[in-house]
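Residue numbering restarts at 1 for every chain, and letters A, B, ... go by the order of the sequence lines.
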Protein chains: 2
Amino acid sequence: MTIDTFKGTAASLSLDKLRRSCGYCAMHDVCLPAGLDGGDLERLDSTVRERRPLDRGSALFHQGDSFTALYVVRSGSLKSYVEGSDGDMQILGFHLPGEIMGVGGLTNDHYPSSVEALERSSICELPYPQLQAVSASMPALHHQLIRVISHEIVSEQAHMVMMGKQQAQRRVAIFLRSLADRYGRLSRDPTALTLPMSRGDIANYLGLVIETVSRLFSRMEADGILAVNRKSVRILRRDLLDALCGGETES
Amino acid sequence: MTIDTFKGTAASLSLDKLRRSCGYCAMHDVCLPAGLDGGDLERLDSTVRERRPLDRGSALFHQGDSFTALYVVRSGSLKSYVEGSDGDMQILGFHLPGEIMGVGGLTNDHYPSSVEALERSSICELPYPQLQAVSASMPALHHQLIRVISHEIVSEQAHMVMMGKQQAQRRVAIFLRSLADRYGRLSRDPTALTLPMSRGDIANYLGLVIETVSRLFSRMEADGILAVNRKSVRILRRDLLDALCGGETES
DNA sequence: GGATCGAGTTGACCGTAGTCAATAACGCGC
DNA sequence: GCGCGTTATTGACTACGGTCAACTCGATCC
């Protein structure tokens with residue numbers, strides 16, 4: 001769909017607004033609007049605010065902030081994490097374009113975790129009162145919202161399986177495969193990963209230490225599975241990577 | 001509130017139906033209906049089916065079954081788990097009265113995990129199509145449903161923090177404290193736990209082996225924190241238990 | 001009452017990943 | 001270009017929890 005054909009169906013919108021709209025967005029079908037048709041899509045669109053881009057290291061919200069909105073990654077990537085009272089951090093997940101953030105806040109008016117940009121990122125903001133109002137009269141959106149939240153649960157459960165008993169190399173393999181699959185869904189090359197997070201972030205997320213992650217990257221490179229160069233990782237043998245993952249899944 | 005006074009407000013219902021209703025249920029305010037008023041409560045009630053009790057070891061649903069309903073524990077307790085293709089099991093959580101089960105199925109029409117009774121248990125079934133129909137015209141229920149699902153996410157995140165880097169004794173301490181707190185919310189004695197799950201289940205859930213859990217129970221008993229006798233655990237020194245937990249929380 | 005079975009406890013030993021430390025590679029500012 | 005700080009890699013050693021095995025304790029069944 002080109003801008004021109006789309007313009008025909010929504011002539012009243014300015015080109016600028018149009019360019020920011022969900023219908024035009026490349027994330028369209030992997031994002032909250034997936035499955036919504038024209039009219040509903042426009043109504044959802046009216047609730048979306050686009051925040052100015054977040055620079056690397058700056059926070060979208062902090063643990064304990066009062067809950068105001070859900071967010072969706074438009075471009076870039078972010079990490080969510082919690083900090084214990086003794087200052088230790090646990091990374092809960094990484095967020096790529098099309099993925100939702102802030103759902104933990106729905107349960108008690110405060111975000112239970114912090115979210116921070118790993119690189120310069122654009123974010124769509126969905127103020128919750130408006131989203132609630134719109135979805136009240138739009139069963140399709142309502143259902144889609146519940147589906148997306150439920151998907152978070154399933155992803156977290158997959159991660160719990162990994163943290164439960166898998167050995168270190170399998171954790172790293174599953175992590176890389178998950179990233180590759182998500183890249184694929186975004187129509188990027190799933191064999192050429194550019195890791196936006198540090199080795200420390202990866203280690204923390206996987207319940208390992210940085211040295212272990214580093215060693216395993218080296219080992220998988222020696223085994224001909226990967227080509228690693230700093231933040232860029234090329235998957236040379238997807239079959240061997242899958243073999244390392246065993247029967248477990250994480251998407 | 002006695003049965004008689006309640007009967008006066010709903011004379012058309014049979015006593016039997018009444019006894020099964022959400023309004024009469026002891027779990028009332030820690031369950032899905034929390035915050036709903038009379039009229040709404042009755043409408044929710046109409047969608048609830050009570051399944052016959054599940055015996056110890058029998059399944060509520062299996063991983064891969066097609067998604068039909070959400071479930072709530074009325075009495076007893078259950079465990080949810082996933083099985084990898086290589087036959088290994090990972091327990092994802094334990095479910096006490098008032099807690100919801102099956103939310104993972106909302107995202108793609110199939111339950112991603114299995115649920116099995118740890119003891120004879122009563123279950124309320126909420127067929128999803130009906131729940132969806134009722135909540136479409138009842139914003140309060142709709143919002144409550146989202147809150148409950150989001151709560152699942154937050155609980156799982158707390159568990160991920162634990163699995164990330166906490167040492168074995170802290171895991172066991174956090175597990176016991178979590179159970180004690182949930183007992184408290186059910187107005188049971190939070191210092192006298194009757195563990196419905198085996199040592200193996202606890203170990204699996206915490207990412208440990210059975211011997212480690214056993215040793216730590218013994219150690220905490222030697223330290224005067226617990227009195228352990230098979231499945232019954234008495235918390236003698238809640239302060240010391242909290243100290244072992246450090247700054248971390250899990251509810 | 002005794003045999004049997006499963007669940008749990010305890011001990012001895014071992015292995016994987018963590019700790020500590022040194023080095024290397026890159027990024028950034030001047 | 002040079003120096004400095006941050007991030008990553010590699011090596012040597014350690015420790016925590018896992019493995020393997022023996023034993024105890026109850027419950028159940030003839």
Side-chain angles (χ1 to χ4, degrees), chain A residues 55-57 79 88-91 116 118-120 162-176 193-223 225-234 244 246, chain B residues 55-57 79 88-91 116 118-120 162-176 193-223 225-234 244 246:
Chain A
D55 279 323
R56 172 186 156 82
K79 65 177 174 186
D88 68 327
M89 174 179 94
Q90 174 65 48
I91 293 180
E116 176 183 318
L118 293 167
E119 59 190 314
R120 193 170 168 82
M162 209 196 54
M163 299 282 262
K165 223 145 191 15
Q166 307 304 329
Q167 55 189 23
Q169 191 177 31
R170 180 166 288 186
R171 296 190 193 199
V172 173
I174 291 173
F175 170 72
L176 289 174
L193 311 180
T194 304
L195 307 180
M197 69 293 284
S198 70
R199 294 287 189 275
D201 284 342
I202 297 172
N204 183 294
Y205 175 65
L206 297 176
L208 303 171
V209 293
I210 192 170
E211 294 94 327
T212 302
V213 171
S214 186
R215 268 187 259 271
L216 289 171
F217 272 34
S218 300
R219 174 141 122 222
M220 291 163 86
E221 187 165 34
D223 291 348
I225 303 170
L226 306 175
V228 183
N229 186 284
R230 306 282 292 170
K231 301 222 168 276
S232 89
V233 173
R234 181 166 288 277
L244 284 180
Chain B
D55 279 323
R56 171 185 156 83
K79 66 177 173 185
D88 67 326
M89 175 179 92
Q90 174 65 48
I91 294 180
E116 177 184 317
L118 294 167
E119 58 190 315
R120 193 170 169 81
M162 209 196 53
M163 300 283 262
K165 228 153 186 14
Q166 306 304 330
Q167 56 190 20
Q169 192 178 31
R170 179 166 289 185
R171 296 190 193 199
V172 174
I174 292 173
F175 169 73
L176 288 174
L193 311 180
T194 304
L195 307 180
M197 70 293 285
S198 69
R199 296 287 190 275
D201 284 341
I202 298 172
N204 182 294
Y205 175 65
L206 297 176
L208 304 170
V209 293
I210 192 171
E211 295 93 328
T212 302
V213 171
S214 185
R215 267 186 260 270
L216 289 171
F217 273 33
S218 301
R219 174 140 120 224
M220 290 164 87
E221 185 164 35
D223 292 348
I225 302 172
L226 307 176
V228 182
N229 186 285
R230 308 277 295 168
K231 300 219 169 278
S232 89
V233 172
R234 180 166 288 279
L244 283 181

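Rounded to a whole Å, the CG atom of A:D201 is 10 Å from the P atom of D:dT7.
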N/O contacts under 3.5 Å, protein versus nucleotides 15-18 of chain C?
residue : atom : partner : partner atom : Å
C:dA17  : OP1  : A:A168  : N            : 2.7
C:dG18  : OP2  : A:V209  : N            : 3.4
C:dG18  : OP2  : A:T212  : OG1          : 2.6

Give me, pair by pair, the N or O atoms of the protein and of nucleotides 24-27 of chain D that are less than 3.5 Å apart, along with how far apart they are.
none

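Of all nucleotides listed (C:dT9, D:dA8, C:dA21), C:dT9 comes nearest to the side chain of B:S214.
Residues satisfying the side chain to side chain donor-acceptor pair (under 3.5 Å) test with B:E221, not counting sequence neighbours, are none. Shown here are the side chain to side chain donor-acceptor pair (under 3.5 Å) partners of B:Q167, two or more places apart in sequence or in another chain: there are none. Take A:K79 and apply the side chain to side chain donor-acceptor pair (under 3.5 Å) test, not counting sequence neighbours, and it matches A:D201. Checked against side chain to side chain donor-acceptor pair (under 3.5 Å), A:Q169 has the following partners two or more places apart in sequence or in another chain: A:R219. Residues satisfying the salt bridge (Lys or Arg N to Asp or Glu O under 4.0 Å) criterion with A:R120, sequence neighbours excluded, are A:D55. By the side chain to side chain contact (heavy atoms under 4.5 Å, CB included) test, B:R215 pairs with B:E211, sequence neighbours left out.
Minimum interatomic distance between A:V172 and A:M220 (heavy atoms only, all atoms of both residues): CG1-SD, 4.1 Å. Closest approach of B:L244 and B:A173 over heavy atoms only: CB-CB, 3.7 Å.
Note on the helix from C:dG1-D:dC30 to C:dC30-D:dG1: angle between the axes of the first and last five pairs equals 40°, rounded to 10 degrees.
Distances shorter than 4.0 Å separate none of the side-chain N or O atoms of A:K231 from OP1 or OP2 on D:dT7.
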